[in-house]
> 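Before we start, here is the structure in question, set down as structure tokens.
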Amino acid sequence: MMNRSSFLYFTPPDEYRFHPFFSLYLQKKQNDLCSESYKKQIYQNIGLYYELEGDVLNSIKYYDLAKNYNKVSSILIENTKNNASNSRYNELEEYYFSLPDSMISQSPELMAALSMIYSLKMNTDESEYWFERLTQFKETVDKNDIRYSTANEKIAYLSLALPHRGSNNFVQLIQNIATLCISQGYKLQDISITGNMPSLM
């Protein structure tokens with residue numbers, strides 16, 4: 001049951017929503033009356049609220065409106081730790097794409113995410129481009145830098161997980177990566193090669 005007044009919807013027990021037209025009016029008044037710095041602070045606070053609530057989509061949305069790309073980047077990096085099927089790349093891809101190249105090129109997690117996103121979009125050239133960028137990054141970063149081991153882990157993960165690469169020499173690839181992970185102490189993120197399909201297992 002939903003009770004309505006002129007401007008406010010109330011859905012028991014505790015949900016309130018502005019009428020869409022009134023919401024648009026308030027947004028217009030905000031743009032007319034509030035300075036850019038004030039609006040950014042509001043968006044920053046909203047982003048923090050949603051982040052504390054564990055709402056990834058809305059937290060990134062409002063951090064992006066606040067132009068806080070460091071927070072957008074850190075949340076997206078944390079998101080890359082999920083299995084690709086749980087990373088919501090389709091909903092978040094615009095935020096990955098909106099980050100400046102200078103920020104992406106310093107993060108093995110973001111480069112790996114872009115390689116996966118493009119593979120899922122069946123854009124194999126772009127996927128391989130970002131895989132190569134990640135590989136080049138590993139060759140240039142100091143081996144004592146934590147990003148070196150992260151890059152190695154992401155390269156191993158993508159070698160198994162990129163959908164467009166198929167299954168040629170797959171058993172040998174798994175053996176090689178398992179040997180690498182054991183010898184170097186690497187830990188790969190969750191991956192479901194068969195999509196939990198018994199017929200493929």
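Worth saying up front: this structure is predicted, and the values here are computed from it rather than measured. Side chains included, hydrogens not; waters and symmetry mates left out as well; all remaining heavy atoms used.
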> Do Tyr69 and Lys67 have side chains that get closer than 4.5 Å, going by heavy atoms?
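Heavy-atom side-chain distance check passes, below 4.5 Å.
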> Applying side chain to side chain donor-acceptor pair (under 3.5 Å), name anything that partners Glu139, two or more places apart in sequence or on another chain.
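Partners of Glu139 under the side chain to side chain donor-acceptor pair (under 3.5 Å) test: none.
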> Run the salt bridge (Lys or Arg N to Asp or Glu O under 4.0 Å) test against Glu128 and tell me which residues pass, sequence neighbours left out.
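Counting only residues at least two positions away or on another chain, Glu128 forms a salt bridge (Lys or Arg N to Asp or Glu O under 4.0 Å) with Arg165.
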> Checking Lys121 now: which residues fulfil side chain to side chain donor-acceptor pair (under 3.5 Å) with it, not counting sequence neighbours?
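Lys121 satisfies side chain to side chain donor-acceptor pair (under 3.5 Å) with Glu93 only.
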> Could you tell me whether the side chain of Trp130 reaches within less than 4.5 Å of the side chain of Ile117, counting heavy atoms only?
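A side-chain contact is absent here, since even the closest heavy-atom pair is not under 4.5 Å.
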> Sub-3.5 Å donor-acceptor pair from the side chain of Ser59 to the main-chain atoms of Asp55, do we have one?
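Here the side-chain-to-backbone pair exists.
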> List for me each residue that meets salt bridge (Lys or Arg N to Asp or Glu O under 4.0 Å) alongside Lys40, sequence neighbours excluded, and say none if there are none.
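With sequence neighbours excluded, Lys40 shows a salt bridge (Lys or Arg N to Asp or Glu O under 4.0 Å) to no residue whatsoever.
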> In Å and rounded to the nearest 0.5 Å, what is the OG to CD distance from Ser73 to Glu109?
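If I round to the nearest 0.5 Å, the distance is 8.5 Å.
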> Any chance you could pull the hydrophobic cluster mates of Tyr62, using side-chain heavy atoms under 4.5 angstrom and chaining through other members?
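The other cluster members (ILVMFWY side chains, heavy atoms under 4.5 Å, direct or chained) are Tyr38, Ile42, Tyr43, Ile46, Tyr49, Tyr50, Leu65.
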> In this structure, would Phe97 and Tyr95 fall into the same cluster of hydrophobic residues linked by side-chain contacts under 4.5 Å?
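Cluster IDs for Phe97 and Tyr95 match.
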> Looking at every non-hydrogen atom in both residues, tell me the closest pair between Ala66 and Gln44 and how far apart they are.
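Smallest interatomic distance, heavy atoms only, reads CB-N, 3.7 Å.
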> When Ile, Leu, Val, Met, Phe, Trp and Tyr are grouped by side-chain heavy atoms lying under 4.5 Å apart, directly or through other members, which residues fall in the same group as Phe21?
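Members alongside Phe21: none; it stands by itself.
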> Does one hydrophobic cluster hold both Tyr89 and Met122, with members joined at side-chain heavy-atom distances below 4.5 Å?
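Hydrophobic grouping puts Tyr89 apart from Met122.
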> So, using side chain to side chain contact (heavy atoms under 4.5 Å, CB included) as the criterion, who are the partners of Ile146 when residues are at least two apart?
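In terms of side chain to side chain contact (heavy atoms under 4.5 Å, CB included), with neighbours along the sequence ignored, Ile146 is linked to Ser149, Thr150.
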> Heavy-atom count around Asp101 CG within 6.0 Å, excluding the residue itself: above 12?
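Enclosed.
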> Measuring from Asn58:CG to Lys61:NZ, what's the distance to the nearest 0.5 Å?
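Asn58 atom CG to Lys61 atom NZ measures 6.0 Å (nearest 0.5 Å).
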> Working to the nearest 0.5 angstrom, can you tell me the gap between Gln41 CD and Cys34 SG?
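With rounding to 0.5 Å, CD (Gln41) is 12.5 Å from SG (Cys34).
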> Kindly write out the residues that satisfy salt bridge (Lys or Arg N to Asp or Glu O under 4.0 Å) with Glu78, not counting sequence neighbours, or none if the list is empty.
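Partners of Glu78 under the salt bridge (Lys or Arg N to Asp or Glu O under 4.0 Å) test: Lys81.
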> Backbone N or O of Ser115 within a donor-acceptor pair of the Ser119 side chain at under 3.5 Å?
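Looks like no, no N/O pair under 3.5 Å.
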> Under the rule for side chain to side chain donor-acceptor pair (under 3.5 Å), what residues qualify as partners of Tyr129, not counting sequence neighbours?
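Result, side chain to side chain donor-acceptor pair (under 3.5 Å) vs Tyr129: Arg133.
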> In terms of side-chain heavy atoms, does Asn31 have a donor or acceptor partner in Gln27 at a distance below 3.5 Å?
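Checked: Asn31/Gln27 side chains show no N/O donor-acceptor pair below 3.5 Å.
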> With a 4.5 Å cut-off on side-chain heavy-atom distances among I, L, V, M, F, W and Y, is there a chain of contacts connecting Tyr16 to Leu24?
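No, separate clusters.
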> Which residues pass the side chain to side chain contact (heavy atoms under 4.5 Å, CB included) test with Val141, sequence neighbours left out?
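Testing Val141 for side chain to side chain contact (heavy atoms under 4.5 Å, CB included), a comparison that skips the adjacent residues, returns Phe137, Asp145, Arg147, Tyr148.
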> Would you say Leu57 ends up clustered with Ile60 if hydrophobic residues are merged whenever their side chains have heavy atoms under 4.5 Å apart, either directly or through other cluster members?
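Linked within one cluster.
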> Suppose we screen for salt bridge (Lys or Arg N to Asp or Glu O under 4.0 Å). Which residues come up paired with Glu53, at least two apart in sequence or across chains?
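Residues passing salt bridge (Lys or Arg N to Asp or Glu O under 4.0 Å) with Glu53: none at all.
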> Do Tyr157 and Thr80 have side chains that get closer than 4.5 Å, going by heavy atoms?
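Contact flag for Tyr157/Thr80 side chains = no.
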> If the condition is side chain to side chain donor-acceptor pair (under 3.5 Å), which residues does Lys28 pass it with, not counting sequence neighbours?
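By the side chain to side chain donor-acceptor pair (under 3.5 Å) rule, Lys28 matches Asp32.
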> So, do Met116 and Leu120 sit near enough that their side-chain heavy atoms are less than 4.5 Å apart?
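Yes, close enough: below the 4.5 Å cut-off.
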> Please name the pair of heavy atoms, one in Ser102 and one in Gln106, separated by the smallest distance, quoted to 0.1 Å.
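For Ser102 and Gln106, the tightest heavy-atom pair comes out as O-CG, 3.5 Å.
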> If you measure from OH on Tyr96 to CG on Leu110, what distance do you get to the nearest 0.5 Å?
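Between atom OH of Tyr96 and atom CG of Leu110 there are 7.0 Å.
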> To the nearest 0.5 Å, how far apart are CE in Met103 and OG in Ser98?
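Answer rounded to 0.5 Å: 9.5 Å.
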> Any donor and acceptor pair, going by atom type alone, linking the side chain of Ser159 with main-chain N or O of Ile155 inside 3.5 Å?
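Here the side-chain-to-backbone pair exists.
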